[in-house]
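First the structure, in the form of structure tokens, and then the observations on it.
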Amino acid sequence: LETALDGVNNAGDMLIAYEPIWAIGTGIAAITDDVNLMMNAITRVLTNILGAEATGAIRLLYGGSVTAQNFEEYILQPDIDGALVGGTSLKPEQFISIVKQAAKAKGIF
């Protein structure tokens with residue numbers, strides 16, 4: 001993360017997606033508490049590099065076998081801002097459900 005952000009001066013529109021290497025393509029989702037802890041660790045690193053104000057503008061997404069059935073567990077975690085949805089995005093009903101869950105959790109509707 002430090003290497004990737006070397007020389008970055010404006011992180012205002014940045015999104016960072018975290019997915020455990022073992023979750024890629026497996027259909028196995030990580031435990032929400034573990035993901036939240038990792039997001040918290042990422043936030044601390046970002047704060048050290050960019051400062052608190054810039055870090056506050058960055059959105060942290062979880063992307064590891066996110067489905068309509070498990071998304072709510074993630075979006076309700078305090079350090080997870082959203083999801084990087086993979087295969088489920090190809091299933092319209094499930095993807096729409098995820099979008100609605102995110103909007104509800106973030107107070108959009």
Side-chain angles (χ1 to χ4, degrees):
L1 190 54
E2 291 172 348
T3 301
L5 293 173
D6 187 35
V8 171
N9 296 320
N10 182 1
D13 294 328
M14 187 178 297
L15 301 171
I16 295 179
Y18 164 72
E19 180 174 0
I21 190 86
W22 56 262
I24 298 172
T26 65
I28 301 170
I31 296 168
T32 54
D33 288 341
D34 292 344
V35 175
N36 196 61
L37 287 171
M38 180 56 73
M39 296 301 199
N40 188 276
I42 291 169
T43 298
R44 287 193 312 269
V45 171
L46 291 171
T47 300
N48 287 338
I49 296 169
L50 302 170
E53 185 175 340
T55 298
I58 297 172
R59 299 292 154 240
L60 300 180
L61 311 177
Y62 172 66
S65 300
V66 174
T67 66
Q69 291 74 37
N70 67 17
F71 175 71
E72 186 175 40
E73 296 175 40
Y74 295 109
I75 197 63
L76 294 177
Q77 295 293 315
D79 294 316
I80 301 173
D81 297 315
L84 178 65
V85 182
T88 298
S89 67
L90 301 175
K91 301 171 185 173
E93 296 82 16
Q94 288 195 29
F95 187 67
I96 290 167
S97 175
I98 289 172
V99 171
K100 287 181 178 180
Q101 289 176 59
K104 182 179 177 186
K106 299 301 178 184
I108 297 171
F109 70 76

*asked:* Side chains of Asn40 and Asn36, heavy atoms from C-beta outward: is any pair under 4.5 Å?
replied: no

*Would you find more than 12 non-hydrogen atoms of other residues, nucleotides or ligands less than 6.0 Å from Asp34 atom CG?*
yes

*Can a donor-acceptor pair be found between the side chains of Ser97 and Gln101 at a distance below 3.5 Å?*
yes

*Residues, nucleotides or ligands: over 12 heavy atoms within 6.0 Å of Lys100 NZ*: no

_Distance in Å, Phe71 CZ paired with Tyr62 OH, rounded so as to fall on 0.5 Å steps_ = 12.0 Å

_Interatomic spacing from CG in Asp79 to CG in Leu37 - rounded to 0.5 Å_ = 8.5 Å

_side-chain contact (heavy atoms from CB on, under 4.5 Å), paired with Asp81, selected from Leu60, Ile75, Ile58, Ile16_ = Leu60

_Cluster check Val99, Leu15: I/L/V/M/F/W/Y, side chain < 4.5 angstrom_ = no

_Gap between atom OG1 of Thr26 and atom CD of Glu19 - 0.5 Å precision_ = 7.5 Å

*May I ask you to decide if Ile42's main-chain N or O and Tyr18's side chain share a donor-acceptor pair within less than 3.5 Å?*
no

*Closest heavy-atom contact between Leu84 and Ala17?*
CD2-CB, 3.7 Å

*Indicate whether any N or O donor in one side chain lies under 3.5 Å from an N or O acceptor in the other, for Arg44 and Asn48.*
no

*asked:* For residues Leu76 and Val66: do they belong to one hydrophobic cluster (side chain heavy atoms under 4.5 Å, members Ile, Leu, Val, Met, Phe, Trp, Tyr)?
replied: yes

*Does the side chain of Leu46 come within less than 4.5 Å of Leu1's, by heavy atoms?*
yes

*Determine whether more than 12 heavy atoms belonging to other residues, nucleotides or ligands lie under 6.0 Å from atom CG of Leu90.*
yes

*Look at atom CD of Glu72 and say whether more than 12 heavy atoms of other residues, nucleotides or ligands are closer to it than 6.0 Å.*
no

*Rounded distance [0.5 Å steps], OG1 in Thr32 versus CD in Gln77*: 4.5 Å

*Would you say Thr55's side chain and Ala52's backbone share a donor-acceptor pair under 3.5 angstrom?*
no

_Exercise: identify the closest heavy-atom pair between Pro20 and Ala30_ = CG-CB, 4.1 Å

*How far does CG of Leu61 sit from OH of Tyr74, to the nearest 0.5 angstrom?*
13.5 Å

_Shared hydrophobic cluster, Met14 / Val45 (ILVMFWY, side-chain heavy atoms < 4.5 Å)_ = yes

*Count the heavy atoms of every other residue, nucleotide or ligand shown that sit under 6.0 Å from CD1 of Ile108, and state whether that count exceeds 12.*
yes

*How long is the gap from CD on Gln94 to CD1 on Ile98, to the nearest 0.5 Å?*
7.0 Å

